[in-house]
Amino acid sequence: QVQLVESGGGSVQSGGSLRLSCAAAGSSFENNAMAWYRQAPEKEREWLATITSDGISNYRDSVKGRFTISRDNAKNTVYLKMNSLKSEDTAVYYCYTRIWDGRRSAFMSYWGKGTLVTVSS
């Protein structure tokens with residue numbers, strides 16, 4: 001079983017910055033790709049960024065250049081640094097990973113409970 005716990009959300013003014021953290025437990029963190037998603041009110045959950053076990057990152061176009069995903073394998077933690085925040089960034093932000101389950105011969109998905117980010121204009 002894998003547990004993901006996000007933190008670092010809060011309220012910030014437009015143009016401000018926040019750093020989200022996601023602490024992982026119960027898996028070989030360093031071997032797993034990690035991702036951030038968000039879900040705004042009355043909208044579908046959307047992918048934001050992924051970082052592989054090798055530290056290679058990819059981003060959604062709308063956050064490229066403003067958001068940075070990173071990881072600290074010694075702390076089993078993945079981060080999302082968000083700069084130049086806009087009101088449309090207001091959402092609940094979720095940490096995600098998927099891990100191969102040999103017994104089931106399938107990938108198992110794991111989500112945190114999310115952390116709320118509110119950006120006021």
Side-chain angles (χ1 to χ4, degrees):
Q1 192 71 11
V2 176
Q3 297 83 40
L4 302 174
V5 180
E6 303 95 337
S7 61
S11 296
V12 63
Q13 289 192 329
S14 180
S17 299
L18 282 174
R19 189 180 78 158
L20 307 182
S21 300
C22 171
S27 72
S28 299
F29 176 82
E30 64 273 13
N31 296 327
N32 302 327
M34 301 293 297
W36 285 96
Y37 285 72
R38 69 183 177 190
Q39 187 166 18
E42 300 182 359
K43 292 189 177 180
E44 292 190 352
R45 192 171 297 190
E46 63 181 15
W47 168 79
L48 296 175
T50 298
I51 186 165
T52 68
S53 57
D54 296 330
I56 298 170
S57 57
N58 287 290
Y59 298 92
R60 185 182 192 84
D61 284 347
S62 62
V63 305
K64 201 174 294 184
R66 297 191 299 125
F67 291 9
T68 303
I69 190 170
S70 61
R71 63 191 299 159
D72 185 337
N73 290 338
K75 295 182 178 180
N76 284 4
T77 300
V78 62
Y79 303 98
L80 187 68
K81 181 66 187 301
M82 307 184 294
N83 296 325
S84 302
L85 284 163
K86 308 173 183 179
S87 57
E88 51 263 44
D89 295 317
T90 294
V92 177
Y93 284 70
Y94 297 91
C95 183
Y96 168 83
T97 191
R98 67 172 192 170
I99 297 172
W100 178 254
D101 186 324
R103 290 186 303 171
R104 294 182 173 89
S105 296
F107 282 101
M108 303 299 293
S109 293
Y110 297 94
W111 294 91
K113 293 184 178 181
T115 185
L116 177 63
V117 172
T118 303
V119 184
S120 57
S121 56

- Item | Partners meeting salt bridge (charged side-chain N to carboxylate O under 4.0 Å, His left out) with Asp61 (sequence neighbours left out) | Lys64
- Message: So which atom in Gly114 and which in Glu6 form the shortest heavy-atom distance, rounded to 0.1 Å?
- Response: N-OE1, 2.9 Å
- Message: Return the CZ to NZ distance between Phe67 and Lys81, rounded to the nearest 0.5 Å.
- Response: 11.0 Å
- Thr97 (side chain) donor-acceptor with Ala33 (main chain) under 3.5 angstrom: yes
- Would you please name every residue forming a side-chain hydrogen bond (donor to acceptor under 3.5 Å, both in side chains) with Ser17, sequence neighbours left out? Asn83
- Query: Tell me, which pairs form a disulfide bond (SG atoms under 2.5 Å apart) where one or both residues lie in residues 24-60, sequence neighbours left out?
  - Reply: none
- Task: Output yes when a side-chain donor or acceptor of Arg45 lies under 3.5 Å from a complementary backbone atom of Gln39, and no otherwise.
- Result: no
- Query: Are Leu80 and Val92 co-members of a hydrophobic cluster defined by side-chain heavy atoms under 4.5 Å apart?
  - Reply: no
- Item | ILVMFWY network linking Tyr37 to Val2, side-chain heavy atoms under 4.5 angstrom | no
- Hydrophobic cluster identity match, Tyr94 and Met82, side-chain contacts under 4.5 Å: no
- Of all heavy-atom pairs linking Leu116 and Ala91, the shortest is CD1-O, 3.5 Å
- Note on the structure: Sorted by chain and residue number, the side-chain hydrogen bond (donor to acceptor under 3.5 Å, both in side chains) partners of Asp89 (sequence neighbours excluded) come out as Arg38, Arg66
- Between the CD1 atom in Ile51 and the CG atom in Asn32, the distance rounded to the nearest 0.5 Å is 12.5 Å
- With sequence neighbours excluded, what pairs up with Trp100 under the ring-ring contact (aromatic ring centres under 6.0 Å, His included) test? Phe107
- Note on the structure: side-chain hydrogen bond (donor to acceptor under 3.5 Å, both in side chains) filter on Ser21, not counting sequence neighbours, yields none
- Do the side chains of Val117 and Val63 join up, straight or via other hydrophobic residues, at under 4.5 Å, putting them in one cluster? yes
- Qualifying salt bridge (charged side-chain N to carboxylate O under 4.0 Å, His left out) pairs, either residue in residues 104-121, two or more places apart: Asp101-Arg104
- Message: Arg19: which residues meet the salt bridge (charged side-chain N to carboxylate O under 4.0 Å, His left out) condition with it, sequence neighbours left out?
- Response: none
- Applied to residues 29-74, the disulfide bond (SG atoms under 2.5 Å apart) test, sequence neighbours excluded, yields none
- In a check of side chain to side chain contact (heavy atoms under 4.5 Å, CB included) between Leu20 and each of Val78, Thr115, Ile69, which one passes? Thr115
- Task: Give every residue pair that meets the disulfide bond (SG atoms under 2.5 Å apart) criterion with at least one member in residues 91-121, sequence neighbours excluded.
- Result: Cys22-Cys95
- Short side-chain to backbone donor-acceptor contact, Tyr96 and Thr50, under 3.5 Å: no
- Task: Compare every heavy atom of Ser14 with every heavy atom of Ser121, then report the nearest pair and how far apart it is.
- Result: CA-CB, 4.0 Å
- Message: Run the side-chain hydrogen bond (donor to acceptor under 3.5 Å, both in side chains) test against Trp111 and tell me which residues pass, sequence neighbours left out.
- Response: none
- side chain to side chain donor-acceptor pair (under 3.5 Å) contacts touching residues 71-80 (sequence neighbours left out): Arg71-Asn73
- Rounded distance [0.5 Å steps], CG in Leu48 versus CZ in Arg60: 7.0 Å
- Message: Is there a path of hydrophobic side-chain contacts, each under 4.5 Å between heavy atoms of I/L/V/M/F/W/Y residues, joining Leu18 to Val119?
- Response: yes
